[in-house]
Amino acid sequence: MGHTVFISGICPCRPLLMDRPDIVVGTPSKILAHVKAGNLQLRDSIEMVVVDEADLVFSFGYETDMKTLLR
C-alpha cells in the first residue's frame, strides 16, 4: 500500500510528494501550487479526481484552479 499526503504548505510536503503518493488531499489552490512548483506530477500519477463538497469549492472561488488542475 502507498501513502497519503495532506497538503498544508509548499516546503514541508515536497519530499513526500516527490515520492508519488497514491492519495493527495488539499485545496485546489494548494495542489496547483505544488504542480506549478514541480513537486507533483498529476498526469503521471493520478488516475481519478474526487472533489468533496464541490459546491463549496466553486462558491469559495476555486473554479479557475479546478479547471486548471483538470486540464
Self-check item: Considering all heavy atoms, the nearest V24-P21 contact
Solution: CG2-CG, 3.6 Å
Exercise. Go through the structure and list residues passing side-chain contact (heavy atoms from CB on, under 4.5 Å) with L16, not counting sequence neighbours.
Key: V5
Quiz prompt | Spacing of I31 atom CD1 and N39 atom CG [to the nearest 0.5 Å] | solution = 12.5 Å
Please table the atom pairs, donor to acceptor, closer than 3.5 Å between any side-chain atom in residues 61-70 and protein atoms at least two apart or in another chain.
residue : atom : partner : partner atom : Å
E63     : OE2  : K67     : NZ           : 3.1
T68     : OG1  : T64     : O            : 2.9

